[in-house]
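Let me begin by presenting the structure, written as C-alpha cells, before commenting on it.
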Amino acid sequence: MKVHVLFFARARDLAGCESVEISLPDNACVGDVRDSLAARFPGLAPLLPAMFLALDNEYVDDRAAMREGCTVACFPPVSGG
Amino acid sequence: MPDPAARLVELTREPIDTAALLAFVNTPECGAVVLFLGTVRELTGDKRTVALDYDAYPEMATSKMHELIDETVARWDVRRAAIVHRLGHLELGEASVAIAVSCPHRRAAFEAGQFLIDEFKVRVPVWKKENWADGTTEWVHPGLEGT
C-alpha cells in the first residue's frame, strides 16, 4: 500500500523535504514506516527513535496498523506555547 | 458545554486579539474569566533570543486543541473556552499563545486554564524555532537538546 508521510520542524530539515510517498506491504504497521524512513533518509535515521509518528492526526505506537491511503506525520517533541 | 459556539480554536498568523478573546468568553453566567498569554521571552539560561518562528501541523493541532477543550469541560464547569496559537515570526514580548476560559467561580477557571496550557505544551503539534542573538537558529525539541 501507499502511505503519505509528512515531515515537520527538525524532521523536515533532516529529511530535506516536506513529504514523501512510501510503499509498504499490505499488513504494515507504523513501525514499518519508521524502518522505511530510516533506510531512505540517513540524515534523519539517528533521531527517528525520538520522533513521533502520528497516524491520521492521532498519536499511536509502532504497532498501529496502517491503511491504504493513510497519512503519517513524522515530527520531534512539540514546543508550542 | 453543548453549544458549539462556546469554544474558539484557532491557528493564526496575525497578532492575537486578546480583547476579542475576552469578549468571546465573557458571559453573564460566569463570575470568573482567566486569560493566559505565552509571550516571547528574551533569555533562556544565558542565551539571548531575538525572535521565534512557530510552525504547526494544522490539521492535527486543531484536532488536539478541540480534544483538550473536551477534556477540560468534562473536568471543570467551564462555560466558554478559547485557544489561539500564533504561527510565523514573532518578536520579543509578542503573544504566541492565548488561552481564555470562563467559569461561574474562579477556582475552576484557574485550574482549567492551567490544565489547557500545560497539556497544550506536551500534546499539540506546534514547534518553535529560536533565532538566537549570535545569528544561529535552532528548533526547540524538548529531550533532544544537543543532538
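Heavy atoms only: backbone and side chains are in, while hydrogens, waters and symmetry mates are out. In what follows, chains carry the letters A, B, and so on, assigned in the order in which the sequence lines appear, proteins first and then strands, with residues in each chain numbered from 1.
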Among the clusters formed by ILVMFWY side chains lying less than 4.5 Å apart, do B:Leu90 and B:Phe36 turn up in the same one?
yes

I need the residue from B:Ala56, B:Gly38, B:Pro142, B:Ala95 with the largest number of non-hydrogen atom pairs under 4.5 Å to chain A.
B:Pro142

Report, by ascending residue number, the residues of residues 21-33 of chain A in heavy-atom contact with chain B at a distance under 4.5 Å; give 'none' if the set is empty.
none

Please name the pair of heavy atoms, one in A:Pro76 and one in B:Leu144, separated by the smallest distance, quoted to 0.1 Å.
CB-CD1, 3.9 Å

Bottom line for B:Val126: the part with an atom under 4.5 Å from chain A's heavy atoms is both

Pick one of side chain, backbone, both or neither for B:Val140, based on which atoms fall under 4.5 Å of a heavy atom in chain A.
both

Answer yes or no: does atom CZ of A:Phe52 have more than 12 heavy-atom neighbours from other residues, nucleotides or ligands under 6.0 Å?
yes

How would you list, by chain and number, every residue that makes a side-chain contact (heavy atoms from CB on, under 4.5 Å) with A:Ala54, sequence neighbours excluded?
A:Ala73, A:Phe75, B:Met60

Verify same cluster id: A:Leu44, A:Phe8 (apolar side-chain graph, 4.5 Å)
no

B:Ile117 with A:Val78, same ILVMFWY side-chain cluster at under 4.5 Å
no

With hydrophobic residues grouped by side-chain heavy-atom distances under 4.5 Å, do B:Val97 and B:Val78 end up in a single group?
yes

Salt bridge (charged side-chain N to carboxylate O under 4.0 Å, His left out): which pairs involve residues 38-49 of chain A, sequence neighbours left out?
none

Starting from A:Val3, can I reach A:Leu6 by hopping between I/L/V/M/F/W/Y residues whose side chains sit under 4.5 Å apart?
no

Using only the distance criterion (under 3.5 Å, no hydrogens considered), which donor-acceptor pairs connect chain A with chain B?
unit_1  : atom_1 : unit_2   : atom_2 : d
A:Arg10 : N      : B:His141 : NE2    : 3.3
A:Arg10 : NH1    : B:Thr147 : OG1    : 3.2
A:Arg10 : NH2    : B:Thr147 : O      : 2.5
A:Asp13 : OD2    : B:Trp139 : NE1    : 2.8
A:Asn57 : OD1    : B:Tyr57  : OH     : 3.0
A:Glu58 : OE1    : B:Lys64  : NZ     : 3.0
A:Tyr59 : OH     : B:Arg123 : O      : 2.6
A:Pro76 : O      : B:Trp127 : NE1    : 3.1
A:Pro77 : O      : B:His141 : ND1    : 3.0
A:Ser79 : N      : B:Val126 : O      : 2.9
A:Ser79 : O      : B:Lys128 : NZ     : 2.8
A:Ser79 : OG     : B:Lys128 : N      : 2.9
A:Ser79 : OG     : B:Val140 : O      : 2.7
A:Gly80 : N      : B:Val126 : O      : 3.1
A:Gly81 : N      : B:His85  : NE2    : 2.9
A:Gly81 : O      : B:Tyr54  : OH     : 2.7
A:Gly81 : O      : B:Ser96  : OG     : 3.2

